[in-house]
Undergrad: 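My structure is below; once you've seen it, I'll send some questions.
Chain letters run A, B, ... following the sequence lines, proteins first, then strands; residues in each count from 1.
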Protein chains: 2
Amino acid sequence: MAVIGGRGDADLTMRLLWAGSERGPSRSAPGPRQSLTASAIVEAAIGLADEEGLAGLSMRAVGERLGRSAMALYTYVPGKAELVDLMYDQAHADFSGACEEAADWRSGVLEWAVELRDLYLRHPWVLQVSHARPVLGPHEQVVFEALAGLLRSTELPGRVLRGAVSALFHHVRGSARTAAEAGRAAAETGVPDREWWTRRSTLLREVAPDFAERFPHSVRLAGDASAGQGGGTRDSAGAERAERGWARGVDAVFVAGLTVLLDGLSSATGVDGRGEASEG
Amino acid sequence: MAVIGGRGDADLTMRLLWAGSERGPSRSAPGPRQSLTASAIVEAAIGLADEEGLAGLSMRAVGERLGRSAMALYTYVPGKAELVDLMYDQAHADFSGACEEAADWRSGVLEWAVELRDLYLRHPWVLQVSHARPVLGPHEQVVFEALAGLLRSTELPGRVLRGAVSALFHHVRGSARTAAEAGRAAAETGVPDREWWTRRSTLLREVAPDFAERFPHSVRLAGDASAGQGGGTRDSAGAERAERGWARGVDAVFVAGLTVLLDGLSSATGVDGRGEASEG
DNA sequence: GACAATACATTACGTTGTAAGGAGATGTGG
DNA sequence: CCACATCTCCTTACAACGTAATGTATTGTC
């Protein structure tokens, strides 16, 4: 059940998101002092979501983590939907923006994608927040700005760039999502990926013995790589690491997909700054 | 909360998924006759999910739709997780595979992507089922096989093709997801997309008056197109349709991203069967 | 007709987000 | 210093969820 962001109380949420210099209501009201802050709640919630996933994120659990009841949080945060929005943007604060120092746009975008993927893997629940009706917070905007800046130097028309941005985001998010879900599935069910796949393969052979004849191209495409259906990014099943040297631990399929995308952009610039132009 | 498929009772689920010719247990047991079938339940559940989303899919609701109680379903289906797996594969039965008749691989892949996107838009809840630990049913396999067959004729190495498959799936799924979620958000909140964006933009200007200076590249990239952050695929906000003639109602950003991907593959084949090779 | 097996219903449990209402703490005006 | 209004935080309560446990009615075989 995808969480749809940007839901309630747009006003308050936006103000919380972008609150930089402004301080609170100047401390002169009756009643007990506030013992929490919105950002402390957000931090606690992020910690919890990192460990348990969005499914494990309940107001009760966040409250408990802070030594409060669930309802105590409602003083600082309008509701769960808004809390998730705040968490979403805050998670993007990790982004370093180192990619902006890259030598050329191509390696810069590569760096951008890898760093964003790492960020998603650290905070997988971020991927469950919808991109339609975006949260529109400052930290995610920094991530977007970095990519926009890099692509600007390609001098390609806006139409192409918007397409590329879309495809890049989708590839990064999709790859990270699959990797994260594989990890989560393993943790939750106790069955490691490798074992799950062999078990499933056996079952498949039993139940569909004519698989190879019905789906020859699928079988061939999955081919040498770690078997299975092949549609998703497998999390480095022990095979080929260091595809080209720099890719330490970065999934080979992820990089290959990225390369296709970058080739598409390169070819559109007419420069084709690529070493590996094979023919036939 | 992403539903992780391929969970329980692998045996029974796989048997239900691939059950083609085999009939039931030959009807010779005591007790009342079965008044339902697994596929009737799956069909009812798909109808419900199409209308209400996965969040609205409850065993009680499916039961009610069939004039039964929630628990009655457990005679035919091991549990909700398995039901979702069955729904997932069944939804892919709509896929026509017309793309396989295309003139060349490039237009074939384009057709493939557009048809798959349409399928996802008809059954948006499919996108909430994880691709890690795939369901491995026969109908989705047909979709995968179609793409694999098309890409085979590029004669590119497997590494590149697996990357391309991954990126293509992610772009199609991501685009469809965003479009579907935008629609759902509009339906659920009663606020249409256009209104939401203008409201949000106003708010953003209030709360971050220096936005344009802080994020110049973002602003420029969003540029002429329908404003906002620009990271996601907007659902044709009334502007430019028929980008190149054939794109009736297909989102321009989706097609542009697809084009970058196809260009990447074309350039790798060395043929570059592209008309629009601009330089500079 | 007895009996075992099956289909389906009812009830119950521990979750969830949050509305409602109450208890205790703390500022300000008299 | 004492109401008193205001604020924080708690407890309680509700409807909805998946499904285990249990009960009831229906059907086949002996």
Undergrad: Met59(A) side chain: which of dT8(D), dG17(C), dC9(D) is closest?
TA: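 Shortest atom-to-atom distance from the side chain points to dG17(C).
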
Undergrad: I need the CD-P distance between Glu82(B) and dG18(D), as an integer number of Å.
TA: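 About 13 Å, once rounded to whole Å.
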
Undergrad: When the nearest nucleotide of DNA chain D is assigned to Ala61(B) and to Pro30(B) on a heavy-atom basis, which residue is associated with the more 5' position?
TA: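 Closest to the 5' end, via its nearest nucleotide, is Ala61(B).
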
Undergrad: With a 4.0 Å cut-off on heavy atoms, is Leu57(B) in touch with a base, just the backbone sugar-phosphate, or nothing at all?
TA: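 Contact class for Leu57(B): sugar-phosphate only.
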
Undergrad: Rounded to whole angstrom units, what separation is found between the NZ atom of Lys80(B) and the C1' atom of dA16(D)?
TA: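 To the nearest whole Å, that distance equals 11 Å.
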
Undergrad: In terms of side-chain heavy atoms of Met71(A), which of dT11(D), dG17(C), dT19(D) is nearest?
TA: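 Minimum distance to the Met71(A) side chain belongs to dT11(D).
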
Undergrad: How long is the line joining CD of Gln34(B) and P of dT27(D), in whole Å?
TA: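 Distance, rounded to whole Å: 13 Å.
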
Undergrad: Centre-to-centre under 6.0 Å for Phe169(A) and Trp112(A), is that the case here?
TA: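 Under 6.0 Å, so yes.
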
Undergrad: Rounded to the Å, how far apart are Ile41(A) CD1 and dG17(C) P?
TA: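 That distance rounds to 14 Å.
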
Undergrad: Both Ala70(B) and Ala70(A) contact DNA chain C. Taking the nearest nucleotide for each, which residue is further toward the 5' end?
TA: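 Residue closer to the 5' terminus by nearest nucleotide: Ala70(B).
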
Undergrad: Tell me if a side-chain donor or acceptor on Thr198(A) pairs with a main-chain N or O of Glu195(A) at a distance below 3.5 Å.
TA: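 Yes; at least one donor-acceptor contact below 3.5 Å.
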
Undergrad: Side chain of Pro32(B) only, heavy atoms from C-beta on: which candidate in dC9(D), dT26(D), dG18(D) is closest?
TA: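 Of dC9(D), dT26(D), dG18(D), dT26(D) is nearest to the side chain of Pro32(B).
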
Undergrad: Quick check against the 3.5 Å criterion: does His171(A) have a side-chain atom that pairs as donor or acceptor with the backbone of Ala167(A)?
TA: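 Checking the backbone N and O of Ala167(A) against the side chain of His171(A), no donor-acceptor pair under 3.5 Å is found.
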
Undergrad: Any chance the side chains of His123(A) and Gln90(A) put a donor and an acceptor closer than 3.5 Å?
TA: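 On atom types as modelled, these side chains do not qualify, holding no pair under 3.5 Å.
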
Undergrad: So, is Tyr76(B) close to the dC8(C) phosphate, meaning a side-chain N or O under 4.0 Å from OP1 or OP2?
TA: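 Yes.
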
Undergrad: Ignoring the backbone of Arg68(B), work out which of dC8(C), dC10(D), dT19(D) is nearest its side chain.
TA: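 For the Arg68(B) side chain, the nearest candidate turns out to be dC8(C).
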
Undergrad: Using whole Å, what does the distance between atom P of nucleotide dC9(D) and atom CG of Leu36(A) come to?
TA: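 Computing the Leu36(A):CG to dC9(D):P distance gives 6 Å.
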
Undergrad: For dT18(C), take OP1 and OP2 only and decide whether either is under 4.0 Å from a side-chain N or O of Arg60(A).
TA: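 For Arg60(A), the contact criterion (side-chain N or O under 4.0 Å from OP1 or OP2 of dT18(C)) is not met.
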
Undergrad: Output the rounded distance in Å from OH (Tyr74(B)) to P (dT10(C)).
TA: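 Value for this atom pair: 16 Å.
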
Undergrad: Kindly say whether Leu127(B) contributes a backbone atom to a donor-acceptor pair with the side chain of Arg177(B) at under 3.5 angstrom?
TA: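 Pair found, side chain donor or acceptor close to backbone of Leu127(B).
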
Undergrad: Closest approach to the side chain of Arg33(B), judged atom by atom: which nucleotide of dG28(D), dC9(D), dA19(C) is it?
TA: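 For Arg33(B), the side-chain atoms sit closest to dG28(D).
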
Undergrad: Just checking Ser69(B): base, sugar-phosphate only, or nothing, at a heavy-atom cut-off of under 4.0 Å?
TA: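 It contacts base atoms.
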
